[in-house]
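Below: the structure, in structure tokens.
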Amino acid sequence: MLILMKMLHLFGLMLGAGGGMGSMFLAMQARRLDGPPPPALVALRGRFGMAGFIGILLLWVTGLWMWLSAYGGALLGPIFVLKLMVAAFILGVGIFGFVAMQRATPGSPPPALLRRLGPLSGVAAYVAVALAVLAFG
């Protein structure tokens, strides 16, 4: 069962990274346009955002499941706690982005705060992976 959880965890990592990178490239392209983004870009923004959010949720579900089943929920040291804090930040940005996308009218730009937090969550993802390697490697 642990092997299945690890596979799903890595799938969540790929899904989250792909959604985040896709959203970043779409935002870069949208900034280059003079007018409002075309409908195709708007539709892709929602799909990439949802893919990234599902990836984050899958990471949390499988990560907590593995932690509880393999380690019994024990705290594994300060690096692990820091990794959880960074992952919680990423989850918070993901929830904020999901709620913002659900409330936004199609074609409207994302909130200014999300435009600032999005790139930070990408950097935080690299930090979380590095901390996971240090905590479990």
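All values below come from the heavy atoms of this structure, side chains included, with hydrogens, waters and symmetry mates left out.
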With a sphere of 6.0 Å drawn around CH2 of Trp65, does it hold more than 12 non-hydrogen atoms of other residues, nucleotides or ligands?
no
Can you list every pair that meets side chain to side chain donor-acceptor pair (under 3.5 Å) and has a residue in residues 69-83, with sequence neighbours left out?
none
With clusters built from Ile, Leu, Val, Met, Phe, Trp and Tyr whose side-chain heavy atoms come within less than 4.5 Å, directly or transitively, what are the remaining members of the cluster of Ile3, listed by chain and number?
Met7
Any side-chain heavy atom of Phe89 within less than 4.5 Å of one from Leu120?
yes
Residues which pass side chain to side chain contact (heavy atoms under 4.5 Å, CB included) with Phe98, listed by chain and number, not counting sequence neighbours:
Met50, Phe53, Gln102
I'd like to know if Met21 and Ile90 are part of one continuous hydrophobic network [Ile/Leu/Val/Met/Phe/Trp/Tyr, side-chain heavy atoms within less than 4.5 Å].
no
Tell me whether Met24 shares a hydrophobic cluster with Leu26, the cluster being built from Ile, Leu, Val, Met, Phe, Trp, Tyr side chains joined at under 4.5 Å.
no
Please name the pair of heavy atoms, one in Leu33 and one in Pro38, separated by the smallest distance, quoted to 0.1 Å.
CD1-CD, 3.4 Å
Would you please name every residue forming a side chain to side chain contact (heavy atoms under 4.5 Å, CB included) with Ala17, sequence neighbours left out?
none
To the nearest 0.5 Å, tell me how far Phe96 CZ sits from Leu91 CG.
14.0 Å
Residue pairs, two or more places apart or on separate chains, that pass side chain to side chain donor-acceptor pair (under 3.5 Å) and touch residues 5-25
His9-Thr62
List the atom pairs, donor and acceptor, that lie under 3.5 Å between side-chain atoms in residues 121-134 and the rest of the protein, sequence neighbours left out.
unit_1: Ser121; atom_1: OG; unit_2: Gly118; atom_2: O; d: 2.7

How about Phe48 and Phe25: are their ring centroids closer than 6.0 Å?
no
Would a single hydrophobic cluster contain both Met85 and Leu75, if residues Ile, Leu, Val, Met, Phe, Trp and Tyr are joined by side-chain heavy-atom contacts under 4.5 Å?
yes
Can you tell me how far the CD1 atom of Ile95 sits from the CD1 atom of Ile56, to the nearest 0.5 Å?
8.5 Å
Are more than 12 heavy atoms, taken from residues, nucleotides or ligands other than Phe136, located less than 6.0 Å from that residue's CZ atom?
yes
Reported CG-to-CG distance for the pair Leu10 and Leu13, which is rounded to 0.5 angstrom
6.5 Å
If we ignore hydrogens and angles and just use 3.5 Å, is the side chain of Trp67 paired with the main-chain N or O of Ala74 as donor and acceptor?
yes
Value rounded to 0.5 Å, distance of CE in Met1 from CG in Leu4:
6.0 Å
Could you go through Leu76 and Val81, starting from their C-alpha distance and side-chain angles, then the distance that decides it, and tell me whether this counts as side chain to side chain contact (heavy atoms under 4.5 Å, CB included)?
CA-CA 7 Å; Leu76 303 174; Val81 172; over 6 Å; no
Between CE of Met14 and CG of Leu59, what distance do you get to the nearest 0.5 Å?
10.5 Å
